[in-house]
There are 4 protein chains.
Amino acid sequence: MSVRVSTRDRVHRAVLELVAEVGVPGLTMEGVAARAGAGKQTIYRTWDSPLHVLLDALLTASQDADGRVEVPDTGDLATDLRVLVDGMVAELTDPPSDAMMRHVVALLPDRPGLGEELQERLLRPQVAAIEARFERAGVAESGPAAELLLGPVFHRWLLRTGPFSEQWIATHVRLVVQALST
Amino acid sequence: MSVRVSTRDRVHRAVLELVAEVGVPGLTMEGVAARAGAGKQTIYRTWDSPLHVLLDALLTASQDADGRVEVPDTGDLATDLRVLVDGMVAELTDPPSDAMMRHVVALLPDRPGLGEELQERLLRPQVAAIEARFERAGVAESGPAAELLLGPVFHRWLLRTGPFSEQWIATHVRLVVQALST
Amino acid sequence: MSVRVSTRDRVHRAVLELVAEVGVPGLTMEGVAARAGAGKQTIYRTWDSPLHVLLDALLTASQDADGRVEVPDTGDLATDLRVLVDGMVAELTDPPSDAMMRHVVALLPDRPGLGEELQERLLRPQVAAIEARFERAGVAESGPAAELLLGPVFHRWLLRTGPFSEQWIATHVRLVVQALST
Amino acid sequence: MSVRVSTRDRVHRAVLELVAEVGVPGLTMEGVAARAGAGKQTIYRTWDSPLHVLLDALLTASQDADGRVEVPDTGDLATDLRVLVDGMVAELTDPPSDAMMRHVVALLPDRPGLGEELQERLLRPQVAAIEARFERAGVAESGPAAELLLGPVFHRWLLRTGPFSEQWIATHVRLVVQALST
DNA sequence: GCTTAATCGAGACGGTACGTCGTGTCTTTGC
DNA sequence: GCAAAGACACGACGTACCGTCTCGATTAAGC
C-alpha cells in the first residue's frame with residue numbers, strides 16, 4: 001500500500017469509471033493502468049486483480065462517506081429494523097457494489113482472504129447495527145435473529161426473485177419480529 | 001443442441017473433469033475442446049462460454065439423477081422442512097455446483113437469460129417442494145414462507161458465515177415454524 | 001514455414017521498412033507484427049527473433065534477385081578477382097545487409113544454427129565463385145587463397161579502417177595474386 | 001569517471017561476473033547495479049549502456065595486465081609474425097572479449113565513438129607491433145601488409161570458419177611473407 | 001567539530017517489449 | 001461432407017528493463 005496518494009486516487013477514479021462503462025468482467029489490469037495514466041507494474045505492485053482494485057476503491061469510498069452506521073431506537077423494533085434493512089438494501093443495490101460483491105463471492109472458494117475483507121469492511125457495520133438493535137430489544141440470540149432478517153434480503157438480492165418494495169420489506173420484517181416475539 | 005450425442009457426452013465429461021482440476025475461472029473453450037477431442041468450432045456452435053458448458057453438464061447430470069423431488073409428509077412440519085433443507089444444502093455444497101452457481105449469479109446483471117435457466121432447472125424443484133409442504137400445512141403465504149426458510153440458508157452458503165450443522169438447521173427451522181404458527 | 005504466402009510477404013516488407021527507420025537494435029517482434037498487420041503469435045510461430053525475420057527477408061530478396069553468381073573468366077586472374085571482390089563489397093556495404101550481418105555475427109557464440117544459415121545462403125555463393133576461379137587458374141589450395149583474398153576485405157568492412165576504393169582493391173588483389181604466383 | 005574508486009571496481013567485477021553467467025545480450029543496467037550493490041543512477045551517471053560498462057571493465061583489465069606489446073625480433077620474420085598473431089588470437093578468443101567485440105562492431109554503424117575506443121585501446125597495440133616488425137624487415141607498405149596478415153585472422157574469428165591451429169597460422173604467415181618478399 | 005550540501009543506495013514510477021494464452025473466426029485436411 | 005485441427009488478428013496476461021524521479025542515510029567539505 002505504499003503507492004503515492006495521488007496515484008492511488010487516480011487508480012480508484014479509473015476503476016470506478018471503467019466498471020460503469022464495461023462492467024466487472026470487462027475490467028482489466030491493463031485497462032485500469034491506461035485509464036489511470038499509470039504503468040502496469042504500479043498497479044500490480046499494490047493490487048492482485050481488477051477485482052481487488054475495485055474492492056479497494058469501493059471500500060475507500062464508503063469509508064470516506066459514512067461516518068458510522070447508527071443504531072436507530074424509536075422504541076418500535078419493527079420500525080428500526082426497516083431502517084436498517086433499507087440501509088443494507090441500498091448497499092446491495094448500488095450498481096458497482098452489486099456487481100463487485102457478486103464477483104467477489106464467486107471467487108470465495110478460491111481466494112480465502114478475499115471474503116473476510118469484503119465482509120469485515122463492507123457488510124459487518126450493518127450486521128453489527130442490526131445485532132445491537134436486537135440485543136437492545138432483549139432478543140436472546142441476536143446472531144440467528146440477524147441471519148433470519150438478512151437471509152431473505154440476500155436471497156432476493158442474489159437471485160433477483162423480486163423487487164425490494166416497501167411492502168415486501170414491511171411484511172418480511174413483521175414476520176421476523178413475530179418469530180422472535182414468542 | 002444438434003451435436004452428436006456422443007460428442008455432447010464427451011464435452012460434458014470433459015468440462016466436469018476440468019472444473020475439478022482447474023476450477024471455474026480456469027475453464028476455457030479451448031481447454032474443453034481439447035479435452036473432449038473436439039474442434040473449437042464444435043463447442044462454439046452449441047455453447048456461448050465455458051460457464052454454459054458447465055451449466056449444461058450439471059443440469060443434464062442432475063436431470064438424469066433425481067427423478068423428482070418428493071414432498072415428504074410425516075405429519076410434523078419441522079421434520080419435513082429439515083429434510084427439504086438438507087436436500088437444498090446438499091445441492092449448494094456440491095463443489096462443482098457450488099462454484100458454478102456462484103459464477104452464474106455473478107453474471108446475472110449482465111446476462112438476463114442465464115439466471116432463469118439456473119433457477120428454473122436447478123433451484124425450482126426444491127423450492128416448489130418446500131412451498132407445497134407449507135401449503136399442505138395451511139400456511140397462507142407459502143412464497144414468503146419459503147423465502148424465510150431458504151434466505152438464511154443461502155446467506156450462510158453465500159458468505160460462508162458458518163457450517164450447516166445439524167443443530168443450526170434444527171434451530172433455524174424451528175424459528176421459521178414459530179414465525180408462521182401464529 | 002507454414003505461414004500463408006501473403007503473410008510472409010507482408011512481414012518481409014514490414015521488417016525491411018522498419019530496419020530502415022529504426023535500425024536493427026530498434027526492431028521488435030511487436031513492431032514487426034503491428035506493421036505487417038499480423039498477430040504476434042503469427043510472427044513467433046515462424047521466427048525466433050527480429051533478426052531472424054530480417055535475415056529471412058534479406059535472403060528471400062537476394063534469392064529472388066540474383067540468378068547465380070557467375071564465375072568471370074577474362075583470362076586475367078587479377079581482373080576477374082576484382083569483379084568478384086566488387087560483388088562481395090556490394091553485399092557487405094548494402095546498409096540493411098551490413099547492419100544485419102554485424103548483429104548476426106554478434107550472436108554467433110550464443111546461437112549455433114544462426115551462423116550456418118547466414119554463411120551458407122548469403123556468403124557462400126561469392127566464396128564459391130572465388131574458389132572456382134582460383135582452381136581454374138591452377139592455384140593448389142583454393143580455400144586458403146580465398147581466405148587470403150577475402151580476409152582483408154572483411155577486416156576493412158568490420159572495423160571500418162578505410163574505404164573500399166578502386167585503388168585499394170586493385171592493390172590488394174595484386175598482392176594476393178603475387179602471393180600465390182610463386 | 002568521478003565515481004568512487006571502490007565503486008568502479010565493484011561495477012567492473014560485477015559486469016565481468018555477469019557476462020560470464022548470462023552473456024552479453026543478458027547484461028542489463030539494472031542487473032549490473034544490483035550485483036555491484038550500487039544504485040542505478042550511479043551506473044547511468046558514468047556509463048551509457050551495459051556494453052560500455054563491459055568495454056570499460058575489459059579495457060581497464062587489459063591496461064593493468066600488459067605492460068606493452070613487445071616487438072619480437074629473432075631475425076626470422078615468419079617466426080616473429082607467428083608470435084604476434086598468437087597474441088592477437090589470444091585476445092580475440094578470450095570469451096568475454098570475443099563476445100564484447102562482436103557486439104561492439106555490431107553497433108559500429110549506429111554509435112560513431114564506440115569503435116574508435118575499441119580499436120584504439122584494445123586492437124591498436126597489436127597492430128602497431130606488427131607494423132613495426134614489417135618496417136624493421138624493410139617491407140615498404142607496412143599498413144597493407146598488416147592488413148594482409150590480420151585480415152584472414154579476423155575473417156576466421158568472425159565467421160568461425162575454422163580453428164586457429166598451429167598449422168593454419170604457420171601456413172598463413174608463410175603465404176603472407178611470400179606475398180611481400182618479391 | 002558541526003553543520004550544510006552533495007552523493008549514494010534503494011526503489012517507485014510511466015513506459016515499452018517480452019513471450020504466452022485464450023478469444024472467436026476462417027481455412028485446410030483427412031476420414 | 002463434415003468435423004478435427006489449427007492458422008489467424010487481436011487483446012490481456014504477468015514480468016523484465018528502461019531511464020527518470022524522489023526519497024532518506026551517509027558522507028565530506030566548508031565554516
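Here is the naming used below: chain letters follow the sequence lines, and residue numbers restart at 1 for every chain.
Between D/Thr42 and the phosphate of E/dT7, there is no side-chain N or O to OP1/OP2 separation shorter than 4.0 Å. The side chain of C/Arg10 contributes an N or O atom lying less than 4.0 Å from OP1 or OP2 of F/dA9.
Across all non-hydrogen atoms, the minimal contact from C/Ala106 to D/Ala106 is CB-CB, 3.9 Å. Minimum interatomic distance between A/Val24 and A/Leu51 (heavy atoms only, all atoms of both residues): CG1-CD1, 3.8 Å.
Rounded to whole angstrom, the span from the OH atom of C/Tyr44 across to the P atom of E/dA17 amounts to 11 Å. Regarding D/Arg35, its CZ atom lies at a distance of 16 Å from the P atom of F/dA16, rounded to whole Å. The distance from atom CH2 of B/Trp47 to atom P of E/dT23 is 15 Å, rounded to the nearest whole Å. Atoms CZ (C/Arg45) and C1' (E/dT27) sit 13 Å apart, rounded to a whole Å. Atom CD of D/Glu30 is separated from atom P of E/dA10 by 13 Å (rounded to the nearest Å). Atom CZ in B/Arg8 sits roughly 17 Å away from atom C1' in F/dA3 (whole-Å rounding). Residue A/Asp9 contributes atom CG, which lies 13 Å from atom P of E/dC13 at whole-angstrom precision. Following rounding to the nearest Å, C/His52 (NE2) and E/dG19 (P) show an atom-to-atom distance of 12 Å.
Put simply, the side chain of A/Lys40 and the base of E/dG14 share no donor and acceptor less than 3.5 Å apart.
Where B/Gln41 and A/Ala36 meet DNA chain E, the nucleotide closest to each residue was compared, and A/Ala36 sits on the side nearer the 5' end. Annotation: of the two residues near DNA chain E, C/Asp48 and D/Ala38, the 5′-most nearest-nucleotide partner is D/Ala38. Remark on DNA chain F: of its neighbouring residues D/Met29 and A/Met29, the 5'-side contact belongs to A/Met29, judged by nearest-heavy-atom nucleotide.
Between B/Arg13 and B/Asp9 there is no salt bridge, since none of the side-chain N atoms of the basic residue sits less than 4.0 Å from a carboxylate O of the acidic one.
Using modelled atom types, no side-chain atom of B/Thr46 and backbone atom of B/Ile43 make a donor-acceptor pair closer than 3.5 Å.
At a threshold of 4.0 angstrom between heavy atoms, the contacts of B/Ala33 with the nucleic acid are absent. Residue D/Gly37 is classed as a sugar-phosphate contact, given heavy-atom separations below 4.0 Å to backbone atoms only.
Here the CG-CG distance, from A/Leu18 to A/Leu54, works out to 10.0 Å after rounding to the nearest 0.5 Å.
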